[in-house]
Every structure is written in structure tokens, then in C-alpha cells.
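Following: one structure in C-alpha cells, then a few remarks.
Within every chain, numbering begins at 1; the chains are lettered A, B, ... in the order of the sequence lines, protein sequences first and strands thereafter.
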Amino acid sequence: MHKEYEEHKEHCLVFEEVVYRYPDTVLPALQGLSVAIPKGYRTAVLGHNGSGKSTMFLQAVGILRPQSGEVIRAGAELSYAKKDLADLRRSVGLVFQDPEQQLILNTPLEDVSFGLRNAGMDEQTIKQRCHEVLEQLDLTSFSDKPIHQLSLGQKKRTALAGVMAMKPELLLLDEPTSYLDPLSETLLLEGLETIYQQGTTIVMATHDMNLAYRWADWVIVLEAGRCFAAGTPADIFAEREALQAIGLELPLLADLWQSLPPRLTAGQTAPRNAGDFKDMLSLLLKEDMS
Amino acid sequence: MIRRIDAISYTNAFRHLSPMWKSAFAAVMFILSYMLHPVLQLAISLWMILWCIGYARIPLRAYGLLLGSALLFYCISLPALLIEIGQQAAPEAVMSVHLPLSSLSLYITTAGILRGSLLLARVAACMTCFLFIIFTTPFAELLQVLRKLRMPQIVLELMLIMYRFLFLLGDTAHGMLLARRLRGGRRGFMARLKEFAGMAGGLLAKTIHRYHGLSQGLLTRGFTGEISLPPYVARPVPRRYIIEAYAGITALLLAQLWMMWSS
């Protein structure tokens, strides 16, 4: 089922046979991970807890270092020299699952400016960039509110804003929608869409198969620290048995689409959101009845 | 209570006044509270209460609760200040109690009452000055003031991290306590004591976990070995407050001089 990533010309990052084992654990978290992150795509990384998603992200920003294998960026192996790591973290942003992990200063406005000030920007640019990003993510109304008074959704968007302000080429999001209510999820996804439209490659690790199906252009499935599959959502979710064999469920819409009679779906592109699905279904049923 | 104080510091009417001016005003009043006559110390207390409740619109209940909690420490130390013990009650004692089965007496003297009263006046004045700054200025702005006063960076960073962790720790402890209560908890004093000891251990483990997470977060956000705080932004203070502050301080100093000369 593994689709060759070489079919994509440009990649933001390539993992080559990366092995990493955390201290005091029996099994490696990454067991020869080979996968590429295509540039300009919305990529979803799927997999169970412990499949290696977060470890892969920590490798991507140089927090963890492969014990064997290599992480390649712009055709060269990652350098772990202090200056190179600083450059890497300016162009590859990581948003953690728990926003408390990366919110450092006291208010959204102050916190968003943290990375920019570390990068040595002048105060005028920092101010301008902060206001832009806060507005994009609809955070302006509480930009002066203390972080600990914000809701989880607001904290997640603030964490995202802090990373976005750095204008990274590649944005990695670890379970960004977990524990969020539907409204907060919608606001977050709208913010992501804005960033994507500005040319940032986005990679999202998630357990939410429906979200991955709806949102992603490219899907990577991790299993036990290895890449189990990588491809377009249509290709990946067409392999029902293979996914079920590793305990992953099909997205609801993909499942419903596949359960329709083949005479209706033949030659049609599977719809990826509920609105398109309803429109497509009514059209197909009308055609079938006439 | 700390959450309440924090929330008030961000929502009071003095929120947007220059933090440097507020700090300087509180500092001057604090020094005067220490030096002036007890009657003037009481005047300072009332004036600072007016600034907080009247001008900054700090909720009376929250203010009273914090001032009351602080004065509780004074009350705890009061017996040691007031009550004396001796073979025989001193002649100037205003109240005495003979301890049964002994030749000792407990007694209170006018000097002790005066000592307690003087201390109350000073404590109240100093506390109201502190409360002015605590309630009207958000912690982040206090850090900016300290930075402008050239406080070492490491101290500021420690204060910042402690402040962030205080709330995280509070949330974690609350969550753990709630989980234990929902599971029935333990009954009896000893059992509860054991439960709290267990919780303290759990809290430490979770704090270390949080610390580890935060250090990863710092690294990913380009931490360069120093947490750069936003620069101090000067803010205006309405003329009316400046005039009142100057007038009040001058009046206090003149009253002190008059008291010194007249005695």
C-alpha cells in the first residue's frame, strides 16, 4: 500500500530510515521511518497513540536527533549546530497538542511577539506582525487578556498565532483539534486555511479520520514508528481492509460513499465534505431514477 | 483568590494608567507609611482605600477579603504583643488573670495596647499601599517596571516562569483533587493526610512533566537563552490624579512637620 513519495518533485522534509528510541523504553518510537512531506500540500499524519507522530515532529524541528538514519531538508541532512537549529526553527514551526507547553508570556499579544523578538526583529515590525496575525486568527478582542484566563480553543489559536507570526515555510500541528468544541475547531481550521493560502505547507497529526478526509490533500499513515502508507485521501481511504487491519476506521463519508451501489459511484470523485456529499447524492439519485 | 486578584488587576479602572507612575506612587506612600505619625498612617490607609475602591473601582468584597487575610497575621501575633506574664500583675496592668495552681499572672498593660495599636496603624498603612499596586497593576506590567529599574534578567525570568506555573499548578491540583473526590476520597484525618501527601507527590511529577514540555516549547520558539520581555510602554496619567497625589503627599508631610513642632 505504500505509495512512493518520489512521485512528488518538491519536498519540505524527507525522513530516511530514521530510528529513535526514548531512554528507558523497550521499543523505538521510530523504527526506520522513511517518508517525505510534500511542499505546498495540506498533509494529515494519521496513526494510533504511540505510532510515532509526535516523535516525527520533534525530529523535524531538531528537538530530537535520529539515532540512525537522517532527516533531509532542502537536499541536505539537518545540521544540529546552534545557529542552524535557530534557522530551522524559524522556517519550521511546531504547534504542540497542549498549548500550555508553548505559551510563555502573559497575554496573547506579548506571547505572539516572543519568537519575533528572539529572532532579533525591530519593535515596529514585531508590533505590526503581531497585530496582523492576531487579526487573522480572530484573537484581537482578547489580545491583552492573561493567557490563563483564555479558553482552550483560544489558547490553541494563540499558540498557533505565535508560530504563524514567524511566517514558517512548514507548519507542523500536533493534534490541533483535540478537546475542541465544533466552533473552536471551525475557527482554528479557518485560521489554518488563511495560512495555507499564504503559501505555508501544513502538516497535521490527528486521530480524527473525518477531519483528515475533509481537510488533507495528502495523507501519511504511521504504524509502529514506520510509514504504513502515504498518498492522496482517495487512494488511502480506498484501502478499507488495509486500514482496518491496523485498527483505523474509515471516515464516515468515505465509508458511506463506498457503501453506495458501484453503478452510482463509478467514474465519480468521492465528495470530501458533507455538503458536497449531499449535493452529489441527490444528483446521482435523480439521474438513477430518471 | 490569586485568580481573582489577577482578574481584577486586568479589569480595574486604573488598568491603563502608567504602571511606573502607580509603582512610584505606591513606593512613596509605603515609605511615608513607615515614617509618619500613627494618626497619619491611619490617614494614609483611608486615602489608599479611597484610591483603590473609589477611583480604581476594586470590588469591596475582594479588597476586604485580602486586607482581612493580611491583618489576620497581625491578629495572630497580637497575643505575643499584648499579653505579659509575671509573678504578680504589674501595677499599670489594665487587666489581669491569675493562673490557677501557680503564682503567675497574665496581664495586659497600657504600654502593650499602645504597642499593638501603633503596629496596627503601620501594618494597615503599608498593606493598603501594597494592595494598591497588587490590585491595579497586572503582573506583566510589574515585570516591565522591574526591568526598567534594572532588575537582573534571571530574576525576572524566574518570576515570569513562577507566575505561569502558579496557575498551571493550581489547575493541575484542582483537577487531581476533583478526581479524588469524585472517586469517593478518603475519610478521616489520617487518611486525608495520606491522600494529600500522595497528591503532593503526583503534583511534583506532573510539574516536572510540565517543565519538560515547556522547555521543548521554548526551544521550538527560538529561545536564545534569554526570555525577551516586551519593552516598557509609557502611558499617560490623568492630570487630576497627579494633582491629588502631589497634594496628598505634601499635606501628609506638612502635617508630620506640624506634629513634630507642636510636640
Side-chain angles (χ1 to χ4, degrees), chain A residues 54 57-58 60-64 82-83 85-107 109-124 126-127 130 142 144-150 152 155 159 162-163 165-166 168 172 174, chain B residues 2-12 15-16 19 137-144 147 153 156-157 159-172 174-175 206-207 209-233 235:
Chain A
S54 300
F57 282 179
L58 292 175
V61 290
I63 297 247
L64 300 179
K82 201 174 171 183
K83 189 184 166 298
L85 279 178
D87 286 342
L88 172 74
R89 286 166 193 162
R90 264 197 288 276
S91 52
V92 181
L94 171 59
V95 180
F96 289 91
Q97 181 178 2
D98 177 8
E100 300 288 8
Q101 215 170 321
Q102 67 189 112
L103 296 175
I104 291 139
L105 297 182
N106 297 300
T107 63
L109 181 61
E110 285 182 8
D111 192 77
V112 170
S113 70
F114 176 77
L116 302 172
R117 209 165 275 120
N118 283 335
M121 289 186 184
D122 65 279
E123 286 300 324
Q124 188 56 38
I126 291 175
K127 199 174 167 186
C130 287
F142 41 85
D144 278 330
K145 210 172 165 184
I147 296 279
H148 53 265
Q149 286 182 18
L150 304 182
L152 180 67
K155 282 182 187 172
V163 176
M166 302 297 291
L172 308 169
D174 196 356
Chain B
I2 190 163
R3 274 185 189 276
R4 182 104 176 91
I5 297 168
D6 192 69
I8 292 170
S9 75
Y10 276 93
T11 51
N12 69 85
R15 162 76 173 86
H16 296 292
T137 315
F139 183 77
E141 291 180 1
L142 281 180
L143 286 184
Q144 288 180 338
R147 189 178 178 219
Q153 177 70 17
L156 296 178
E157 284 181 17
M159 286 172 75
L160 177 77
I161 300 284
M162 277 167 70
Y163 173 73
R164 286 279 295 123
F165 263 82
L166 211 58
F167 293 99
L168 291 179
L169 207 67
D171 285 346
T172 312
H174 177 72
K206 281 181 192 284
T207 307
H209 180 72
R210 288 262 190 202
Y211 159 76
H212 186 65
L214 190 69
S215 33
Q216 282 191 344
L218 274 168
L219 285 176
T220 56
R221 298 195 62 194
F223 178 60
T224 50
E226 187 179 288
I227 298 177
S228 312
L229 293 169
Y232 177 79
V233 181
R235 294 209 197 105

Rounded to the nearest 0.5 Å, what's the gap from [atom1] on [X] to [atom2] on [Y]? Could you check?
X: B:Ile227; Y: A:Phe114; atom1: CD1; atom2: CZ; result: 5.5 Å
X: A:Glu110; Y: B:Leu229; atom1: CD; atom2: CG; result: 7.5 Å
X: B:Leu218; Y: A:Gln101; atom1: CG; atom2: CD; result: 10.5 Å
X: A:Asn106; Y: B:Phe167; atom1: CG; atom2: CZ; result: 9.0 Å
X: B:Leu214; Y: A:Ile104; atom1: CG; atom2: CD1; result: 6.0 Å

With A:Glu100 via side-chain hydrogen bond (donor to acceptor under 3.5 Å, both in side chains) - residues at least two apart |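 side-chain hydrogen bond (donor to acceptor under 3.5 Å, both in side chains) list for A:Glu100, sorted by chain: A:Lys155, B:Arg164.
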
What part of B:Tyr163 lies closer than 4.5 angstrom to a heavy atom of chain A: side chain, backbone, both or neither?
->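 Just the side chain, heavy atoms under 4.5 Å.
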
Toward chain A, the part of B:Leu219 with a non-hydrogen atom under 4.5 Å =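 Both parts, backbone and side chain.
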
If you tally heavy-atom pairs under 4.5 Å against chain A, which of B:Leu143, B:Leu168, B:Asp6 wins?
->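 With the most close heavy-atom pairs to chain A, the winner is B:Asp6.
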
Leading residue by heavy atom contact count with chain B [cutoff under 4.5 Å; candidates A:Leu88, A:Leu109, A:Asn118, A:Leu58] |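 The answer is A:Asn118.
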
Go through A:His148, A:Gln149, A:Met166 and name the one with the most non-hydrogen pairs under 4.5 angstrom from chain B.
->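 Top count of heavy-atom pairs under 4.5 Å with chain B: A:His148.
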
Distance-minimising heavy-atom pair for A:Leu105 and B:Ser228 |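 Closest pair (atom of A:Leu105, atom of B:Ser228, distance): CD1-O, 4.0 Å.
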
Could you give all pairs that pass the salt bridge (charged side-chain N to carboxylate O under 4.0 Å, His left out) test and reach residues 209-225 of chain B, with sequence neighbours left out?
->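 Sorted pair list: A:Asp98-B:Arg210, A:Asp111-B:Arg221.
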
If we only count heavy atoms from C-beta on, is the B:Pro230 to A:Glu123 side-chain gap below 4.5 Å?
->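 Heavy-atom side-chain distance check fails, nothing below 4.5 Å.
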
Indicate yes or no: at least one non-hydrogen side-chain atom of A:Lys145 is less than 4.5 angstrom from one of B:Tyr10.
->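 No. Closest side-chain heavy atoms not under 4.5 Å.
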
Give a yes or no on whether B:Arg3 atom CZ has more than 12 heavy-atom contacts from other residues, nucleotides or ligands under 6.0 Å away.
->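 Yes - once you tally the heavy atoms of other residues, nucleotides and ligands closer than 6.0 Å, there are more than 12.
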
Per-residue contact mode, A:Ile147 against chain B (heavy atom under 4.5 angstrom) |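 When you check distances to chain B, only side chain atoms of A:Ile147 fall under 4.5 Å.
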
Heavy-atom proximity to chain B below 4.5 Å, by part of A:Leu103 =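 For A:Leu103, backbone and side chain are both near chain B.
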
